[in-house]
Amino acid sequence: MWERTLQDLIRGLRANKKDEGKFIAQAIAEIRQEVKSKDMELKAGAVLKLTYLDMLGYDMSWASFHVVEVMSSPKIHLKSVGYLAAAQSFHQDTDVLMLTTNLLKKDLASKPEEVAVTLNGLSHIVTPDLARDLCHDLIAMLNHSKPHIRKRAVLAVYKVFVKYPEIIPYGMSRLKEKLDDPDPGVVAATVNVLCELVQRNPKDYLTLAPQMFHLMTTSTNNWMLIKIIKLFGTLTPYEPRLVRKLQPPITDLISTTPAISLLYECVHTCIIGGMLQDASGSSLARTCVTKLAAFLQDPDQNLKYIALLAMVKIVPTHPELVAEYQDMIISSVDDQDISIRMRALDLLSAMVSRNNLQPIVQALLSHLVRPESSTLPSAAQTLLSQYRTAAAAATPPKSASAPSQSPAYRLTLSQRILALGSQDTYDNVIDFEWYLSVLVDLAYVSGANVGPQIRDQLVDIVGRVRGARRYAVQLMVKALTDDSFLLNASEEGSCAEILWAAAWICGEHCGELAEPQKLLNYLLQPGIAALEPETIAVYLQAATKVFGYWAAEQADRWDDDDLPKIKSVVDMMLERCRDFATNPDIEVQERAAEMLNLFTFIRADLNSYRPRADNSFGLGDASLSGFEEPAPAEPNFPKSLFLIRPLSASYELNAVARSAQAAVPIPEGLDLDAWITAPPKEMHDAIEREDEAQEDKKKKKKGSKKGKEKESNGAKSKGKKRADRTTDDVTPVAAETAEERAERERVRQCSCGSPWRKAERLERLRDDPYYLIDDRPSSTMPTVGDVESIPVVRLDDLPPISQGNSRLPRLRNTPSPEPQTFIIDKTGEMPEGAVAVAVADTSIEAQPPPSANPSKDSAQPTAPPSSFPPYEMEDELSHTATPPPIKVTRAKKKGTSSGKKKRTNKVDSTSPLPE
C-alpha cells in the first residue's frame with residue numbers, strides 16, 4: 001500500500017486550497033489507520049503528520065497513546081519524533097503522562113544522545129508528579145561527564161524546581177557548584193536559571209552575591225553579564241551594602257562597553273537598585289543620563305523607546321539632569337512612532353516643574369495645530385523650488401492621517417496638557433493669565449472631547465485666583481462674541497462647553513466690564529438655541545445678572561436722558577426671552593418665564609416713571625432763590641432698576657474645601673429614619689393590611705409543607721400576634737377588595753413624609769408642560785404701587801461713564817494702586833459652624849521665572865515665544881489700560897549693593913477656617 005509522507009501532505013494542502021477541509025479530513029482518516037500499524041516507521045510518520053496538523057489547529061489528543069509508543073522506540077530518529085509530538089500536544093492534564101515515568105527513567109540512563117533528547121522533551125511535558133518522581137535522577141545528571149548534558153540538565157532542573165518547590169533546598173547546593181564548572185556554557189545556563197529563581201524570592205539567594213560578583217568582574221560574555229547585572233538589580237533592594245560594592249564595576253562597564261544591550265541593563269540596574277540616590281551616585285547618574293541622551297539621537301527606534309522609559313525612572317531623583325535634554329525630549333513628541341510619542345509624553349509629565357511648564361505646554365499645544373490642506377503650488381512657487389537645494393528644501397506638511405492628527409492621540413495630548421496645568425491644584429502655574437489663554441487656545445485647536453475639563457478648570461481658576469478674574473472676563477467676552485463655537489456646536493470635539501464657562505464667568509464677575517449692556521446682545525442671540533439646554537440656561541441666568549448690575553449702575557448715576565436707552569434694552573430682553581419661554585427643556589423654560597415676569601415688571605415701572613420737574617424757575621439754586629424745598633422722600637430714578645442685582649450680589653461665590661461637607665457637624669437628635677410628617681391613618685392602615693397579607697401567605701405556604709403542624713403553629717402565631725396588638729387591631733383581616741388594592745398601590749407610590757394626595761397630583765400633572773404656572777392666578781403682575789417696597793441701594797466708587805461707542809463690551813478701567821500677586825486659594829471655603837479640621841500649611845512661595853542670563857541659570861530652559869496671537873481687545877473700541885501683567889513683589893538680593901530686584905510670586909495655599 002502506498003503511504004502519504006509529510007512532504008506529500010504539505011504538497012496536497014497547497015494543491016487543495018479551495019477545498020482544504022475535505023483534503024484534511026481524508027488525510028486524518030488515513031492517519032487513523034496508519035497509527036494502528038505494527039510498523040514503527042509507519043506509525044512515526046503518521047505521528048509526524050499529526051504534529052504538523054496540530055500546529056495548524058487540528059486536535060491530536062486522541063493519538064496521545066500512540067505518541068507514547070513512538071517515544072519508546074529504540075531508534076533515536078523515531079524517539080525524537082515521539083518527544084517532539086509530546087512537546088507539541090501534551091499538557092498538564094494529559095492522562096497518558098503517568099505511563100511515561102519508567103520510560104523517562106530508562107531514557108535518562110541511556111546513551112548520551114538519547115539522554116539529550118529526553119531532557120529536551122521532559123522540559124516541556126514535566127508535571128508535579130513527574131517532577132517528584134524524577135527530581136533525584138535529574139539532579140544526578142548535573143554531574144554528567146558530557147558538558148552539553150550538564151547544560152540541558154541545569155535547564156530541566158529549573159522546570160522541576162518550578163513544579164516541585166520542595167526539592168529546591170536539596171538541589172540548590174548542586175546547582176551552585178555549576179557556577180564553577182569548567183565549561184562556560186554550563187556556567188551561563190546556571191546563571192540564567194538562578195536569575196529566574198531570584199525573581200520569585202530574592203531573600204533566599206543573597207548568599208550567591210560573592211560568586212556572582214566574581215563572575216561579573218572576570219567574565220567577558222556579554223549575555224551572561226546582562227543576566228548577572230539583572231540579578232544584582234533584584235538583590236540590591238534587600239541588601240543595601242551591595243550598592244557601594246557594585247558602583248565601581250558597573251560604572252566601568254557603562255563607560256567602556258560597546259554593547260548597547262549591556263549598557264542599558266547597567267543603567268536600568270543603577271536605577272532600580274537605588275545606586276543613584278545616595279551622595280556618591282550623582283556622578284553615576286550624570287553618566288547614565290548622558291548615555292541615555294545618546295540613545296535619543298540614535299536612528300534605532302528601540303533605543304529611543306528604552307531611553308525614554310529609563311529617563312522616566314531617573315526624573316524623581318535627578319530632575320535637573322534630565323532637564324538639560326528638554327529640547328531633545330520635546331522633539332521626540334514629533335516622532336512618527338506613536339509608542340515613542342506616548343513615552344515622551346510620560347517623561348514630560350514626570351519632569352514638569354514651575355520653571356519649565358510654559359515651554360512644555362507651548363510645545364505640546366503646537367502639535368495640536370492642524371496642518372493646512374495641501375494645494376497645488378503656484379507658478380512662482382514652482383520656479384522658486386527649482387533653485388532650492390535638496391538639503392534646504394522645506395519638509396512637507398503633515399498629512400491628515402499622521403499619528404499626531406488621529407482623534408485618539410489628540411485626545412490624549414489634550415488631556416495631558418490639562419493634567420500638567422492642574423497638577424497639585426495649579427502648583428506649577430506662575431502666570432495664570434498665560435494659563436487661561438492656553439485653555440482658550442486648547443478649546444480652539446484640540447478637536448477632542450475635552451470641553452468639560454476645560455470648562456471646569458476655567459470656573460475653578462476664576463473662583464480660586466482673584467487676581468486673574470479681570471483677564472478671564474476679557475477672554476470669556478472674546479469667546480462669547482466669536483461665532484465659531486456656535487457654528488460648530490453640534491460637531492464632535494467642538495469644545496462648545498467653553499461657552500458655558502464664559503457665560504457663567506461673565507455673569508458672576510460682570511463688574512469687571514465697563515459696558516456690560518453690550519454683552520446682552522450676545523447672551524440672548526437666537527443662535528444659542530443650537531447649544532445644550534444646560535448651556536442655554538446659564539446664558540439666560542448670566543444675562544439677568546449682567547442686566548441687574550448695569551441697571552444698578554445706571555440708577556446710581558441717573559440721568560433722565562438714559563431712560564429711552566434702558567427701555568430699549570428691556571424691550572430687547574423681553575423679545576428675546578419670549579423665544580426661549582417655549583423651549584422643550586424645563587429648566588430653560590422656567591428661567592425664561594422668570595425673566596419675562598421680572599422684565600415685564602421693570603418695563604411697567606419704567607413706563608410709569610415721570611422725571612422730576614425743575615422748580616427753580618431759572619433762578620439757579622433753590623436755596624438762593626428763597627424757595628428752599630425739603631429733600632424729596634422718593635429717589636430720582638426708577639426703583640425697579642435695583643430689583644435684580646440684590647438677588648445675585650448678596651454673597652460671593654468662593655471655592656469650596658474638599659472636606660467642607662464632612663466637617664459639618666450632625667445636629668443632636670437628628671434621626672434620618674424618622675417620619676418628617678406622620679402619615680395619614682389610611683396610609684398606616686393600608687401598610688398594616690399589606691404586612692398582614694404577606695404574613696398570611698407565609699403561613700399558608702408553611703402549613704402546606706408541614707401538614708398537621710399547621711393548626712398548632714397557626715394558633716400559636718395568631719395568639720402571639722393578638723397579644724401584641726391593641727384592641728383596635730384585633731378584628732380579623734377581611735379579603736382585600738379592588739378598591740383597597742388600588743388604594744394600596746397609590747399609597748406605595750407616595751414617598752415617605754409626602755402629602756397624601758401627592759401621587760394623585762403628580763399623575764394629573766404628568767403630561768402637562770405648563771404645570772409650573774397652572775395654579776397661579778391669571779394676573780400676577782404687581783401694581784405700580786409695589787415699587788415702594790423695593791429697597792434703595794447706593795453704589796460707591798463707581799468709575800465715570802465711558803465715552804466710547806464700541807460695538808463690543810470692554811473691561812472696566814480701574815488701575816491697581818500697587819502691584820498685586822497671584823494668590824490661589826487651594827483649601828477652599830468651609831461652612832459656618834463646621835468642625836475645625838487640622839489642615840497642613842501648604843503655602844508655597846513661587847520661584848522666580850527662568851533667568852535671562854544664561855551664565856547664571858543655564859540649566860533652566862527659557863520659554864519659547866508662543867505661536868498663538870495674544871488675546872487683545874480692539875484698541876479703537878476700548879479706552880481701558882492693558883490688563884496688568886504678573887504682579888510681583890521686589891526684594892534686594894543679599895550681598896549686593898546695586899539694588900537689583902528679584903521677582904517672586906507668592907502663592908498662598910491656605911485659607912482661614914471659621915472658628
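Below, each value reflects all heavy atoms present in this structure, side chains not excepted, and no hydrogens, waters or symmetry copies. Heads up: numbering here begins at 1 and tracks the sequence. Small disclaimer: the values here were computed from a predicted structure and weren't measured.
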Atom [atom1] of [X] and atom [atom2] of [Y]: how far apart are they, to the nearest 0.5 Å?
{"X": "Gln326", "Y": "Asn356", "atom1": "CD", "atom2": "CG", "value": "5.0 Å"}
{"X": "Ser255", "Y": "Leu263", "atom1": "OG", "atom2": "CG", "value": "9.0 Å"}
{"X": "Ser414", "Y": "Tyr409", "atom1": "OG", "atom2": "OH", "value": "10.0 Å"}
{"X": "Leu231", "Y": "Cys195", "atom1": "CG", "atom2": "SG", "value": "5.0 Å"}
{"X": "Leu155", "Y": "Leu119", "atom1": "CG", "atom2": "CG", "value": "9.5 Å"}
{"X": "Met311", "Y": "Ile306", "atom1": "CE", "atom2": "CD1", "value": "11.5 Å"}

In the structure I gave you, are the side-chain heavy atoms of [X] and [Y] within less than 4.5 Å of one another anywhere?
{"X": "Tyr83", "Y": "Leu122", "answer": "no"}
{"X": "Lys163", "Y": "Leu130", "answer": "no"}
{"X": "Phe90", "Y": "Ser61", "answer": "no"}
{"X": "His124", "Y": "Gln88", "answer": "no"}
{"X": "Asn222", "Y": "Ser261", "answer": "no"}
{"X": "Leu303", "Y": "Tyr264", "answer": "no"}
{"X": "Glu114", "Y": "Lys106", "answer": "no"}
{"X": "Leu364", "Y": "Val361", "answer": "no"}

Quick check against the 3.5 Å criterion: does [X] have a side-chain atom that pairs as donor or acceptor with the backbone of [Y]?
{"X": "Lys313", "Y": "Ile271", "answer": "no"}
{"X": "Gln92", "Y": "Val126", "answer": "yes"}
{"X": "Arg343", "Y": "Tyr305", "answer": "no"}
{"X": "Arg341", "Y": "Val333", "answer": "yes"}
{"X": "Thr257", "Y": "Leu253", "answer": "no"}
{"X": "Thr51", "Y": "Val47", "answer": "yes"}
{"X": "Lys79", "Y": "Met71", "answer": "yes"}
{"X": "Asn192", "Y": "Lys227", "answer": "no"}
{"X": "Lys159", "Y": "Ser123", "answer": "yes"}
{"X": "Thr217", "Y": "His214", "answer": "yes"}

Taking every non-hydrogen atom, the tightest pair across [X] and [Y]:
{"X": "Tyr158", "Y": "Arg200", "value": "OH-NH2, 3.8 Å"}
{"X": "Met328", "Y": "Ala293", "value": "SD-O, 3.5 Å"}
{"X": "Val115", "Y": "Met141", "value": "CG1-CE, 3.3 Å"}
{"X": "Leu13", "Y": "Phe23", "value": "N-CE2, 3.6 Å"}
{"X": "Met216", "Y": "Pro249", "value": "CE-CG, 3.7 Å"}
{"X": "Ile229", "Y": "Leu262", "value": "CD1-CD1, 3.7 Å"}

side-chain contact (heavy atoms from CB on, under 4.5 Å) between Ser72 and Thr100, intermediate numbers included = CA-CA 9 Å; Ser72 62; Thr100 62; over 6 Å; no

query = Can Asp183 and Arg150 be counted as an ion pair, charged N to O under 4.0 angstrom?
reply =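 A salt bridge is absent here (no side-chain N lies under 4.0 Å from a carboxylate O).
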
ask   = Salt bridge check: are Lys43 and Glu69 linked by an N-O gap of less than 4.0 Å?
value = yes

query = Glu41 and Lys75: salt bridge (charged side-chain N to carboxylate O under 4.0 Å, His left out), yes or no, with the steps?
reply = CA-CA 10 Å; Glu41 294 283 350; Lys75 298 181 180 180; 3.7 Å; yes

Test side-chain contact (heavy atoms from CB on, under 4.5 Å) applied to Met212 and Leu179, step by step = CA-CA 9 Å; Met212 291 296 179; Leu179 293 175; 4.1 Å; yes

task = Measure from NZ or CZ of Lys304 to the centre of the six-membered ring of Phe295 and say whether it is under 6.0 Å with the direction within 45° of the ring axis.
result =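 Pair Lys304/Phe295 does not count as cation-pi.
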
key: For His136, ring pair (Phe, Tyr, Trp, His ring centres under 6.0 Å) partners two or more places apart   =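 Counting only residues at least two positions away or on another chain, His136 forms a ring pair (Phe, Tyr, Trp, His ring centres under 6.0 Å) with Tyr170.
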
ask   = Can you list every salt bridge (Lys or Arg N to Asp or Glu O under 4.0 Å) pair that touches residues 11-30, not counting sequence neighbours?
value =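 Salt bridge (Lys or Arg N to Asp or Glu O under 4.0 Å) check on residues 11-30 returns Arg4-Glu30, Asp8-Arg11.
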
Whether the [X] and [Y] side chains hold a donor-acceptor pair (N or O, under 3.5 Å, no angle test) is what I'd like checked.
{"X": "Asp335", "Y": "Gln301", "value": "yes"}
{"X": "Ser37", "Y": "Asp39", "value": "no"}
{"X": "Ser219", "Y": "Asn221", "value": "no"}

inquiry  = salt bridge (charged side-chain N to carboxylate O under 4.0 Å, His left out) for Glu324 and Arg286? Distances and angles first, verdict last.
reply    = CA-CA 11 Å; Glu324 296 178 1; Arg286 181 170 292 278; 3.4 Å; yes

Verdict with reasoning, Asp334 to Ser331, per side chain to side chain donor-acceptor pair (under 3.5 Å) = CA-CA 6 Å; Asp334 202 18; Ser331 64; over 6 Å; no

key: Thr127 vs Asp129, side chain to side chain donor-acceptor pair (under 3.5 Å): CA-CA, chis, key distance, verdict   = CA-CA 5 Å; Thr127 62; Asp129 294 335; 5.2 Å; no

Among Ile314, Val312, Thr317, the one residue meeting side-chain contact (heavy atoms from CB on, under 4.5 Å) with Val322 = Ile314

task = Check the pair Leu175 / Phe161 against side-chain contact (heavy atoms from CB on, under 4.5 Å), numbers first and verdict last.
result = CA-CA 11 Å; Leu175 195 60; Phe161 284 175; 4.0 Å; yes

Is it the case that more than 12 heavy atoms not belonging to [X] sit under 6.0 Å from its [atom1] atom?
{"X": "Trp223", "atom1": "CH2", "answer": "no"}
{"X": "Lys176", "atom1": "NZ", "answer": "yes"}
{"X": "Met98", "atom1": "CE", "answer": "no"}
{"X": "Lys105", "atom1": "NZ", "answer": "yes"}

task = Show the numbers, then the answer: is there a side-chain contact (heavy atoms from CB on, under 4.5 Å) between Tyr58 and Leu50?
result = CA-CA 8 Å; Tyr58 296 93; Leu50 278 177; over 6 Å; no

